[in-house]
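Each chain gets a letter, A, B and so on, in the order the sequences are listed, and its residues count up from 1.
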Amino acid sequence: MDNAGFATIFREFADYLELKKDNPFKIRAYRRAADIFEDLNRNVAELALDGELKNIQGIGTAIEEKAREIASSGKLGALEDLKLQYPPGVMEMTRIPGVGLKTASRVFHELGIAGIDQLEAAAEDGRLEALPGMGKKTAENILKGITRLRMENTKRIPLVLADRLSKNLMDFLRSHMEICAIAAVGSLRRRKETCGDLDILVSTEDPSPISGLMAKWNKFSNMISSGEDRIIFTTTDDIEVDVIITAPEKFPFDLFVTTGSKSHYTALESIACELGYRLRNNSFTSESGKPVEIIDEADIYKALKMEYIPPELREMTGEIEAALKGSLPKLLISRDIRGDLHMHTNWSDGTSSIESMVYAAKNLGYEYIAITDHSESLKIAKGLSKAELSRQMEVLERLRTELDGIQVLSGIELEILKDGSLDYDDSILSSLDLIIASVHSAFGQPKDVMTARIVKAIRSGRVDIIAHPTGRVLGRRFGYDVDLDVVIKEAAKHNVALEINSYPERMDLDSTWARKAAESGVYIAINSDAHNVEELKFISYGLDVARRAWLEQADVINTWPISKFQAWLSRRRIRA
DNA sequence: GCCGTTTTCGGCCCGACTGTTTTCAGTCG
């Protein structure tokens, strides 16, 4: 089991202990252990079996004992016992916004409610508001929460999860049978932020073992259908997987067809028709029926007399017209990123030191980075006091004298307070190299208030970048209510950049808004928002968004050479 | 459950917001 697996089990255990109303500090200890395991760069299983886990701050004998049990048996008996006491529906209820473990536990123990549907009934017929401490309003809010959950819960899979799962599946297939070519297709290949299901295209000379093999994959749950050229099943997480089987010579063509999008493909069908071809789901021929020779996907676009359209652009948002004219954007690739302008260290809520972040960034080939810990007001993330910030700036100053080949800017992720004012005063802000500002509080403000709040920060003349402009977290919460059209207009006017935050659960701005922003003349920064060295790699998800947003180097400030980037930064000082 | 010590027991991250209260509990970030 990998470290993330240990973290999941301990977190789940803590949740069940909370249902049981166990000692809150004990619960916190398990959650802390989960955090520690997740960030550990050594294998938890090995450490547990060697008896070395206890040496880590925060892990004692009880947790080491449990980790050892998990390492040798794959599960935790105490957790299995608790799961028998609470039906799965109880935990399910905590997914309703506004319902936490305490409420779930209460309604289960006091009303015998063990699922979302039962909770809905109790909120409607008045049983819920009859409980002490609950009222009409609470019942209403829970009903609203249930509606929202059902709306959101169309079960789309975040891209990062789809990546992990598809890689796991493809590795499994490769290691158990002869495969000519294999690829994730569909929305995953188009790098959409979420995927409805998982589509895998595989070509092989002998497809007969695939079906039987799939059932042996450790994530396999239920076979839905199993045919010669298509196998559909669900995983243990109830994700639908579609394995499409094709002959090796047909792989490039099927790669094109299964990548989609549907509407992109349909549009190409009619263009093919106009040019005297027949493009069908299973063939591409001339009018006389002679197959068009396709060595790779690009040959299809070539035959249709247009530029090759990368998968990320195949969404019918103007790509075909542009490809016909030869005016597709020159999309960014990872080498284009020269710096990362948003990252945290163990000075605030990150877990890696400044030095390790800097060296990791240098290893990624970056020419510059900014250290941007949280500012004072964000207590939960250990936001830096003014004194800590100046100490950090001194540390960075010293570090610069030892560094070669990478520029380290002193930055901050600055709280935009409830009323739109900024967390530090001008004297501090003017001493920083880079200021990114963001909202982490009072998410529930009405749209006009939230918009005015962000606009005020943009107009302050102090801010370089607005981070994660909508505040959404995929699968967990919608963004706050903000008029992005207004934000974009103001950002353009005041030359403030907007961020594509690459954190996989955020991907914020999304590609539609990022494209709109760039078209309105707003510069974009693609940042990792890393909280440890590993997470610097998240930048690839921001790149996915940027590619889907048609962005080019000119649009993205951290693809610029340091001199150009610094010239842009200095505009703030001139104006201030 | 973990830690630390002026050490074997007492303390352990915060703050806003909401709805229920009349002094607090639950949720969320």
Side-chain angles (χ1 to χ4, degrees), chain A residues 10-11 13-37 53-67 76 78-79 93-110 123 128-145 148-149 344 346-349 351 374-385 413 415-419 423 438-446 449-450 453 467-468 470-480 503 505-506 508 529 531:
Chain A
F10 278 105
R11 240 175 238 132
F13 188 53
D15 286 349
Y16 275 95
L17 290 179
E18 203 168 344
L19 282 184
K20 224 184 81 181
K21 304 192 185 78
D22 212 313
N23 176 359
F25 297 105
K26 182 164 67 169
I27 295 167
R28 191 185 295 167
Y30 281 114
R31 297 218 167 101
R32 200 167 46 222
D35 289 341
I36 292 168
F37 291 160
L53 218 48
K54 259 198 335 283
N55 303 335
I56 298 169
Q57 178 83 346
I59 310 297
T61 40
I63 290 180
E64 180 174 68
E65 187 65 34
K66 290 189 167 63
L76 181 59
L79 174 59
M93 286 191 282
T94 63
R95 297 180 44 222
I96 303 166
V99 176
L101 289 156
K102 299 236 167 58
T103 308
S105 171
R106 268 197 80 187
V107 297
F108 176 65
H109 286 296
E110 294 173 35
L128 202 57
E129 62 193 83
L131 288 183
M134 305 253 180
K136 241 191 172 49
K137 205 78 184 239
T138 307
E140 269 171 37
N141 281 341
I142 287 179
L143 285 175
K144 263 189 231 157
R148 237 183 78 175
L149 179 70
H344 300 271
N346 55 9
W347 284 61
S348 67
D349 63 345
T351 51
H374 289 288
S375 69
E376 193 157 20
S377 292
L378 200 63
K379 303 284 186 201
I380 190 179
K382 295 188 280 181
L384 303 186
S385 69
E413 181 173 12
E415 286 305 292
I416 304 177
L417 303 175
K418 246 176 92 172
D419 62 353
D423 203 14
S438 60
V439 167
H440 290 101
S441 60
F443 288 83
Q445 287 179 332
V449 178
M450 182 61 86
R453 174 180 178 186
H468 44 75
T470 79
R472 74 157 175 191
V473 178
L474 287 170
R476 221 160 22 129
R477 63 161 196 255
F478 293 128
Y480 29 76
Y503 225 72
E505 290 85 29
R506 288 189 182 271
D508 174 15
D529 198 359
H531 285 65

Just name whichever nucleotide pairs with dG26(B), Watson-Crick or G-U, keeping both distances under 3.5 Å, else none. dC17(B)
Look up atom CG in Leu101(A) and atom CG in Leu17(A), then write down how far apart they are to the nearest 0.5 Å. 10.5 Å
Between CD on residue Glu129(A) and OG1 on residue Thr138(A), distance to nearest 0.5 Å: 9.0 Å
[X] vs [N]: side-chain N/O to OP1/OP2 distance below 4.0 Å:
X         : N       : result
Lys418(A) : dC17(B) : yes
Gln445(A) : dC17(B) : no
Thr138(A) : dT20(B) : yes
Thr103(A) : dT27(B) : yes

Pairwise [atom1] distance, [M] and [N] [rounded to whole Å]:
N       : M       : atom1 : answer
dC24(B) : dT20(B) : C1'   : 8 Å
dT8(B)  : dC2(B)  : C1'   : 13 Å
dC12(B) : dT5(B)  : P     : 15 Å
dT22(B) : dC3(B)  : C1'   : 38 Å
dC28(B) : dG10(B) : C1'   : 29 Å
dG11(B) : dT6(B)  : C1'   : 15 Å
dG26(B) : dT21(B) : P     : 13 Å
dC9(B)  : dG15(B) : C1'   : 29 Å

Between [X] ([atom1]) and [N] ([atom2]), how many Å, whole number?
X         : N       : atom1 : atom2 : answer
Phe10(A)  : dC2(B)  : CZ    : C1'   : 14 Å
His440(A) : dA16(B) : NE2   : C1'   : 15 Å
Leu417(A) : dG15(B) : CG    : C1'   : 13 Å
Met134(A) : dT20(B) : CE    : P     : 10 Å
Met93(A)  : dG26(B) : CE    : P     : 15 Å
Arg31(A)  : dG29(B) : CZ    : P     : 14 Å
Lys137(A) : dT27(B) : NZ    : C1'   : 16 Å
Leu143(A) : dG19(B) : CG    : P     : 14 Å

Quick check for you: among [options], whose closest atom lies nearest to any side-chain atom of [X]?
X         : options                  : result
Asn141(A) : dT18(B), dC2(B), dG15(B) : dT18(B)
Gln57(A)  : dC2(B), dC14(B), dG4(B)  : dG4(B)
Asn23(A)  : dG26(B), dG19(B), dG1(B) : dG1(B)
Ile63(A)  : dC14(B), dC13(B), dG1(B) : dG1(B)
Phe443(A) : dG29(B), dC2(B), dC12(B) : dG29(B)
Ala442(A) : dG4(B), dG1(B), dC17(B)  : dC17(B)

Residue closer to the 5' end of DNA chain B, Lys66(A) versus Gly100(A) (nearest nucleotide): Lys66(A)
How do Thr61(A) and Arg28(A) order along DNA chain B: which one's closest nucleotide is nearer the 5' end? Thr61(A)
Measure across Pro97(A) and Gly145(A) and return the closest heavy-atom pair with its distance rounded to 0.1 Å. CD-O, 3.5 Å
Minimum side-chain heavy-atom gap Thr470(A)-Arg506(A) below 4.5 Å: no
Evaluate the side-chain proximity of Leu378(A) to Glu413(A): yes if any heavy-atom separation is below 4.5 Å, no if none is. no
Donor-acceptor pair, His109(A) side chain versus Val107(A) backbone, under 3.5 Å? no
Please answer whether the main-chain N or O of Ile27(A) pairs with a side-chain N or O of Glu18(A) as donor and acceptor at a distance below 3.5 Å. no
Would you indicate what [X] reaches in the nucleic acid, counting non-hydrogen atoms under 4.0 angstrom: base, sugar-phosphate, or nothing?
X         : result
Ile56(A)  : sugar-phosphate
Leu378(A) : nothing
Lys54(A)  : nothing

